Asks: 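Dumping the structure here so I can ask a few things about it.
The shown structure was predicted, so the numbers you read here are calculated from the model rather than taken from an experiment. Residue numbering restarts at 1 for every chain, and letters A, B, ... go by the order of the sequence lines.
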Number of protein chains: 4
Amino acid sequence: MTVNINGSEKRDEHGNRLENRGRLLVKCPDGPGIVAALSKFLFEQGANIIESSQYTSDPAGGTFFIRIEFDCESLADKRQKMETDFETLAEKFKMDYRFAYGGDRKRTAIFVSKEPHCLRELLWEWQSGDLQTDIAFVAGNHEDTRGIVESLGIPFHYIPANKDIRKQVEEEQTRLVEEYDIDVIVLARYMQILTPEFVERYPNKIINIHHSFLPAFIGARPYERAYNRGVKLIGATSHYVTNDLDEGPIIEQDIERVDHRDHAADLKKIGRSIERRVLARAVKWHLEDRIIVHDNKTIVFH
Amino acid sequence: MTVNINGSEKRDEHGNRLENRGRLLVKCPDGPGIVAALSKFLFEQGANIIESSQYTSDPAGGTFFIRIEFDCESLADKRQKMETDFETLAEKFKMDYRFAYGGDRKRTAIFVSKEPHCLRELLWEWQSGDLQTDIAFVAGNHEDTRGIVESLGIPFHYIPANKDIRKQVEEEQTRLVEEYDIDVIVLARYMQILTPEFVERYPNKIINIHHSFLPAFIGARPYERAYNRGVKLIGATSHYVTNDLDEGPIIEQDIERVDHRDHAADLKKIGRSIERRVLARAVKWHLEDRIIVHDNKTIVFH
Amino acid sequence: MTVNINGSEKRDEHGNRLENRGRLLVKCPDGPGIVAALSKFLFEQGANIIESSQYTSDPAGGTFFIRIEFDCESLADKRQKMETDFETLAEKFKMDYRFAYGGDRKRTAIFVSKEPHCLRELLWEWQSGDLQTDIAFVAGNHEDTRGIVESLGIPFHYIPANKDIRKQVEEEQTRLVEEYDIDVIVLARYMQILTPEFVERYPNKIINIHHSFLPAFIGARPYERAYNRGVKLIGATSHYVTNDLDEGPIIEQDIERVDHRDHAADLKKIGRSIERRVLARAVKWHLEDRIIVHDNKTIVFH
Amino acid sequence: MTVNINGSEKRDEHGNRLENRGRLLVKCPDGPGIVAALSKFLFEQGANIIESSQYTSDPAGGTFFIRIEFDCESLADKRQKMETDFETLAEKFKMDYRFAYGGDRKRTAIFVSKEPHCLRELLWEWQSGDLQTDIAFVAGNHEDTRGIVESLGIPFHYIPANKDIRKQVEEEQTRLVEEYDIDVIVLARYMQILTPEFVERYPNKIINIHHSFLPAFIGARPYERAYNRGVKLIGATSHYVTNDLDEGPIIEQDIERVDHRDHAADLKKIGRSIERRVLARAVKWHLEDRIIVHDNKTIVFH
């Protein structure tokens, strides 16, 4: 299996080493000696740190965050021991942490409605090798995108949805998510509100794209409202889904300039290209384990 | 007097011709023959069109907007006749219009509080010859900026303000605005709310800078709220002041990227540079008669 | 046939009026009365000006440029007479001009090599209705993109190319361009140098994308050279092809930030997304007749 | 003395702790255990890591770079011992390194010619507390900026310069640099070429601003050449000065859009605002010890 972590290939031409790549993300109360302890631990496990980024929310007693990418010979064999050994350290510093491995490709499900542009961008990036994931299935509440999806050999599940049958719909979706062993769900302009039960089942694992630079124009029809307000910039926001509508932790935002000649229909058209790239970036960073959620915000390690 | 319309010098090296430069801005119901009638009129008056931009809100019966910049020999002598002659045409097409002249430098008043950055940017642009206006006076409700202002030979008026004495303050401000014959009032982070009476006296003549990408974070303390929401972009908005707080016609907006390392104090610092350039652009466009207000929006002819 | 000029639909919901849409582009020595003469002419022909932009390179005796978009009842019937009538006016002012019509969809050929990203972006924009053209055929010197092209019902012609058989290749290409009655040729990362004969046959009708912010990194391997130079921005440039390599009139450029972590392979990847949007914009503006070439530069009327 | 490292105040409200802030920058051949050794060292010295960024040019045997910002009680007393103790470690890993301290404000000299905009931006940022340095003196080869400089209490030295007296000029400059104990020299549009002797005396300590997005328009008159080429973007580049003209390691670049209406004079005006911010950022990052030069490139840790 030629396993691959995104970004690895740029620095490493030796395919055989990629499955030796690991990542460690840690969040804990700040204090002296954390970096020393972590780097000593990895050194003793035979792991070489390739890249690390650290951030402390407040030097006078805040929260410590770190993302470490490392190389380790025979990582597949050693990882279980590594994780077990790590528990002592994690307990000592009260760490919230996770390990991720080059050998474990994340499995993605995409939920979509009629508009294909965000789905297409994701599929495109995936085809180009820029999204390091297996796209396990696409679920649509309309049939419009079946052709695109199936032409790439990806299963398409048609699950008609409306708010009256939300429960059945989500039962079916949950069944698929379990069956396909999904790690991340991307709402690529899915346009349906998920129930609290569904959202709570997948915390920080559902990524949405909202078609405004939140918190401006929370809710429906943002382009019409942007047009009516006469803004000179329109934007899009990708965020993790929580049960506060459009209020989840923001992962990425971007904007483009518009002017008086752009009617609501033009804003939608311009907006599509912003949505595409904002969602693609957010998904990419999630897949590369670059994001730690803290309170209602994200730390994104580029 | 070597009068000068901003932007003229770039296309015209002959100083003597600048006082022959005029601008005509028109808004009227769309219909056939408007451009023909306008250009025929100017041609017959001996004016040569240098630059023109037109926009129609809806080809199927919307509103017609045009900005024409023209050259005319001995314009100072001819302009009164030109305006009188224009009345027939204006009446025929139900035009809302205005003429502006290279020989009439607009007179600006700047209202300021403690923070100097927006004031400074305007003074700087003005010193560099990029803001074609006479800065007639600066009024501050604090003394902090007196030194900068007076060092440039501009009168500084200290008018302490708070909401309990708003009436007296505005009487004094109005007196100064009349005395100095002011055309445009710039609120360069003035931080005080104006009364409806004051605002109504100067429609589309008061320009404000708001420190968020409106309509996000309307109201007070936008940077703190932006920090708390975890946005990845912060912005600023320049708009004409109306009696709906932060809801007036938007002239210009811009943003910059921020990330999790930027605390509220950093956002303020980054925000200052956005505020500076957004306000400076808005004031420049106003001074160059590039803006037509329509409904609650602006048409800005670049 | 529901003919359509790009951008029309945003302002006009009535499909039947679109074939009545025309555009007039004019370049001539500046002088008094040109706008008046043009607008009088259109008014007398029964045409209503929807949008116009004018620019004069130097008010003291430069070149006058204008783009007018107009509506005219039964334009299909009237256009021949309109063009004939225009000749007198054109002669008087020494105008270089062209008419374009909503009823005449331009016909595009795309030349491509192995890399599909620019081709894909164009096909996507075209499918979304954002590129108002008929894509008549795609010619590739490799077979890689045949599948994408044919799946959309567009003919794909495989013409292997290298510099030794350039003459035969171009004979075949010319034959296809004539046969398909092509208006514009887009080099979507075609990677082959065209002969002077071919280029001269289609002046200002061949659009190329170069993968650097020209004039930096003219010639081959710009991303490697950008990496070696340690630039903090990389870019792409779309231009009309002339016989000075990479020196033709620039239509559009854009850039993105990179940093020390981005190796040459990363720059290529980031560059692809810049190339996509820069080429798509340039092609769109060409199709909407927004570009006038003058000396070795472009006037682009947005 | 209330010493202050830029950026510190945002995370630390306790003024007394700032002189306990240090930074360590390291470059060495990559290998296992470097981070562990560094963090163990700092921990044992009683230093707490506040922020760290690491980068390895090539995981398969490249160069390792790290920037660590740390807090340490009584750092002023301990730093000499810390540096001595560090030598063993540095030798073991063949480290090229430097320590910097919150208690040591860097001393800056600015060289300027006639145009004041870059100088002004630096002075402004410095006045706002955003540039953590002492501006020890300004040297001008013209008198134009004396007023601005002296009004802030900074010594201004007038040293007329031209290429015939380059040697004497640089002797005088060198004398001042030594006398004022200068750490960094900023060429704020100084417009004179320095001799190889002068440049070699201050490696990676002379920061220049070039008014183009290098390597486009290397050399003189870049705005005129940009105008003639018809580019759609203009830019500026800040770099360390080496003896290859305009070829030194790039620190920062930025651009703005221009169009056909912008003549060379407009490009200069627009360019000034790009130059201002690009130079100010580069100087800020240098003062915050965020830059490591490697080969002819910069690693900038944000």
Side-chain angles (χ1 to χ4, degrees), chain B residues 5 7-18 20-22 24 29-73 93 102 256-257 299-302, chain C residues 5 7-18 20-22 24 29-73 93 102 256-257 299-302:
Chain B
I5 297 185
S8 303
E9 75 275 25
K10 53 183 155 177
R11 284 157 300 173
D12 186 345
E13 308 295 325
H14 317 290
N16 58 319
R17 297 192 57 208
L18 288 169
N20 291 330
R21 191 63 64 87
L24 173 57
D30 192 25
I34 303 175
V35 178
L38 285 169
S39 49
K40 180 162 174 278
F41 172 84
L42 287 169
F43 179 63
E44 288 172 357
Q45 297 280 334
N48 188 27
I49 297 177
I50 297 305
E51 188 185 332
S52 75
S53 303
Q54 180 214 328
Y55 164 70
T56 306
S57 65
D58 181 353
T63 304
F64 170 98
F65 304 87
I66 200 165
R67 177 187 185 274
I68 298 174
E69 192 150 337
F70 58 87
D71 241 17
C72 183
E73 278 297 311
F93 289 99
E256 282 195 22
R257 285 202 163 264
I299 316 296
V300 182
F301 291 111
H302 294 292
Chain C
I5 297 186
S8 304
E9 75 275 22
K10 52 183 155 178
R11 285 158 298 175
D12 185 345
E13 308 294 325
H14 317 291
N16 59 316
R17 297 192 57 208
L18 288 169
N20 291 330
R21 192 63 65 88
L24 173 57
D30 192 25
I34 304 175
V35 178
L38 285 169
S39 50
K40 180 163 174 279
F41 172 84
L42 287 169
F43 179 62
E44 287 173 357
Q45 297 280 333
N48 189 27
I49 297 176
I50 297 306
E51 190 184 331
S52 76
S53 303
Q54 181 214 326
Y55 163 70
T56 306
S57 65
D58 182 354
T63 304
F64 170 98
F65 303 88
I66 199 165
R67 177 186 185 273
I68 299 175
E69 192 151 337
F70 59 87
D71 242 15
C72 183
E73 277 297 310
F93 289 99
E256 282 196 20
R257 284 199 164 267
I299 316 296
V300 182
F301 292 112
H302 294 292

Asks: Please round to the nearest 0.5 Å and tell me the distance separating atom CD1 of B:Ile50 and atom OH of C:Tyr55.
Replies: 11.5 Å
Asks: Shorter than 4.5 Å, heavy atoms on both sides: which option in B:Gly62, B:Ala47, B:Ala36 has the most such pairs with chain C?
Replies: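 When all of B:Gly62, B:Ala47, B:Ala36 are compared, B:Ala36 has the most.
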Asks: To the nearest 0.5 Å, what is the distance between OG (C:Ser52) and CD1 (B:Ile66)?
Replies: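 The distance works out to 5.5 Å.
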Asks: Just so I know, are the side chains of B:Asn48 and C:Asp30 near enough to count as touching, which here means a heavy-atom distance under 4.5 Å?
Replies: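 Yes, at least one pair of side-chain atoms sits under 4.5 Å.
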Asks: Minimum heavy-atom separation for B:Val35 to C:Val35, with atom names?
Replies: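 Between these two residues, the closest heavy atoms are CG1-CG1, 4.4 Å.
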